[in-house]
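If you're wondering where the values come from, they're calculated on a predicted model, not measured in any experiment. Read the numbers this way: they start at 1 and go in the same order the structure lists the ligands and their atoms.
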Amino acid sequence: MSILTVATQPIEGQKPGTSGLRKKTRQFMQPHFLENFVQAILDAIGGAAGKTFVLGGDGRYFAPQAAQVILRMCAAQGAARVIVGQNALLSTPAASHLIRLNKTDGGFIMSASHNPGGPDEDFGLKFNMANGGPAPESVTDAIFAATRTITEYRLFEAQNVDLSSIGETMLGPMVVAVVDPVADYADLMETLFDFPALSAMFASGFRMQFDAMCAITGPYATEILEHRLGATPGTVVNGTPLPDFGGMHPDPNPVWAHDLMSAMFSPDAPDFGAASDGDGDRNMVVGRETYVAPSDSLAVLTANAHLAPGYRGGIVGVARSMPTSAAADRVAERLGVASFETPTGWKFFGNLLDAGRVTLCGEESFGTGSDHVREKDGLWAVLLWLNILAERRQSVAEILAAHWRDYGRNYYSRHDYEALPDDVANRIVGGLQARLGELAGQELEGMTVASADDFSYTDPVDGSVSEHQGLRIGFTDGSRFVIRLSGTGTEGATLRLYLERYVAGPDGLDLDVQEALAPVIDAAEALAHIREISGREGPQVIT
Ligand code: VG1
Ligand code: CO
């Protein structure tokens, strides 16, 4: 066995996006593509010598081969130890937990999250830091810079490591420790939530459906909900992770999790429904005939977190991504705790969590989490909801209605225009950007523009600045819309239009969401001309 040094050249397009590098699987499988990127990561973090890493992923196509490459490269560059989930499986939050629990130097997560998997779909890789969180922009910038100057990479010549049996083996001088992907994560959940109360609720006939969408949360949800909490076998559906997610699009929203939606809106609906995404960091929660918008979910969790043992002392603050509705801010204000508005992507929450300035975080894209790890965490959110339901003994619909009566309702929706030609997307965004300065005071649809800017974020902990994080147009009545381009797609450009309108109540809390937002939707079209310029009749996905 020896170390092989392979000559290579920079490959275009290895710039990490909102959450790691995502490409068509076949592109990732091209010669040197994965190796170049892994070498760039190792170089950007100052090498691997003597370090310990975590490795795992959502089980998608190509992950078993990619895991062997990453192991061989770590071994060649002097890493001491890599902790790998059995069969290279780890949900994103479980990987974050293992990084922290074992005080490692970081971890490799093989996933393209909610993007479909398979030879003709998507693959991805991201690197998380020693705090368990996604690499910050300073590091992803350094990774990208390294991909542009790379001349060689090193890997250990060896047989594949057996990742199917738990235990330790050697890869040259490096220890490969294969661990149960679920156990430590499930134990962590037991420290945060009242498992006896949840078991009692299931024992008394409470029914739930959890749709794992043939992705990574299946084994986690089965262990926690069915084995530890005693939910009826069959509570978890689509519970076996498959390399192509069984052809499903593992994005937990009403459009892609349509089976769960129809179950929850049927006459025999269970009490509670939930779904998670490819890598297990997102969640959608649904009550009987009640869809919970992610922004509302964050607000309800913020208002009720103290009902769960892990948060009994109250929370110190809440952070949300800029396009997420302001519903959580209202709760924070009432609680007298801080609230923060960050750019899109979990990497921006890390500093606030590490500095102890926030306890809960959330995004409108079905992501919620807390300071227990440094990633969003789908099952965690589901368990917190269950804990709240067990304590309040009310239905999801009742809890939501009471919340709106109390705080008013932030009507919210996201319209996605997918796979637009790049120049079309840039014309729409560029056009609006050029006119930001002249919008204040304009009247549209009975509303007046109060502010218009291109969101720039100064991290309150380290002072780093992130610019061009989305165009936001606010109206004097508190309504607003935001436009930004996705950083996770692999085909053309996806333009996201985020829409929000606040109704204080007590009237008007039960409107149809799209109807309630109609004036804002029309104002956005009048200012940004999305449909006009793209020639599309409307968005492909509405959530
Ligand atoms: C999307 C979401 C963002 C989320 C990101 C990663 O990014 O909007 O809120 O953090 O996906 O989530 P974008 O750039 O496409 O809007 V996941 O579950 O892919 O790790
Ligand atoms: Co995800």
Subject >> Y412 side chain reached by V513 side chain, heavy atoms, under 4.5 Å >> reply: no
**OP:** Just need the protein heavy atom nearest to atom 1 (C) of ligand 1, so name the residue and atom and give the distance.
**Re:** R282 NH2, 3.6 Å
**OP:** List every atom of ligand 1 that sits less than 4.0 Å from any heavy atom of S113, numbering the atoms from 1 in the order shown and giving each element.
**Re:** 17 (V), 18 (O), 19 (O), 20 (O)
Subject >> Element-labelled atoms of ligand 1 that are located less than 4.0 Å from some non-hydrogen atom of G487 >> reply: 13 (P), 14 (O), 15 (O)
Original post:
Can you check whether F108 and F127 have ring centres sitting under 6.0 Å from each other?
Top reply: yes
Subject >> Protein residue, atom and distance nearest to atom 4 (C) of ligand 1, heavy-atom basis >> reply: E363 OE1, 3.6 Å
**OP:** Note the single closest protein heavy atom to atom 7 (O) of ligand 1, along with its residue, its atom name and the distance in Å.
**Re:** T488 CG2, 3.5 Å
Subject >> Atoms of ligand 1 close to T18 [distance to a heavy atom under 4.0 angstrom, numbered from 1] >> reply: 5 (C), 7 (O), 13 (P), 14 (O)
Subject >> Contacting atoms of ligand 1, where contact means under 4.0 angstrom from a heavy atom of R22 >> reply: 17 (V), 19 (O), 20 (O)
**OP:** Answer with side chain, backbone, both or neither: which part of S365 has a heavy atom less than 4.0 angstrom from an atom of ligand 1?
**Re:** side chain
**OP:** Between E375 and ligand 1, find which residue part has any heavy-atom pair under 4.0 Å and reply side chain, backbone, both or neither.
**Re:** neither
Original post:
Does ligand 1 have a heavy atom under 4.0 Å from the side chain of D277, from its backbone, from both, or from neither?
Top reply: side chain
**OP:** Determine, for Y502 and R330, whether the Lys NZ or Arg CZ falls below 6.0 Å from the six-membered ring centre while staying within 45 degrees of the axis.
**Re:** yes
Original post:
Side-chain contact, heavy-atom cut-off 4.5 Å: W380 with F193?
Top reply: yes
**OP:** Could you check which N/O/S atom of D279 is closest to the Co ion (ligand 2)?
**Re:** OD1
Original post:
With distance as the sole criterion, is a donor-acceptor pair present between the side chains of Y185 and D377 under 3.5 Å?
Top reply: yes
Subject >> Heteroatom of D281 nearest to the Co ion (ligand 2) (N, O or S, atom name) >> reply: OD1
Subject >> Short N or O distance, A112 and ligand 1, threshold 3.5 Å exclusive >> reply: no
Subject >> Test item: E333 side-chain N/O and V331 main-chain N/O as donor-acceptor pair under 3.5 Å >> reply: no
**OP:** Kindly assign one of parallel, tilted or perpendicular to the pair Y457 and F455, based on the angle between their ring planes and the thresholds 30° and 60°.
**Re:** tilted
Subject >> Apex the Co ion (ligand 2); atoms S113 OG and D277 OD2; angle rounded to 10 degrees >> reply: 90°
Original post:
Which protein non-hydrogen atom lies closest to atom 12 (O) of ligand 1, naming both residue and atom, and how far is it?
Top reply: K376 NZ, 2.9 Å
Original post:
For the Co ion (ligand 2), does an N/O/S atom of S111 lie at less than 2.8 Å?
Top reply: no
Original post:
Nearest protein heavy atom to atom 8 (O) of ligand 1, by residue and atom, and its distance?
Top reply: R414 NH1, 3.7 Å
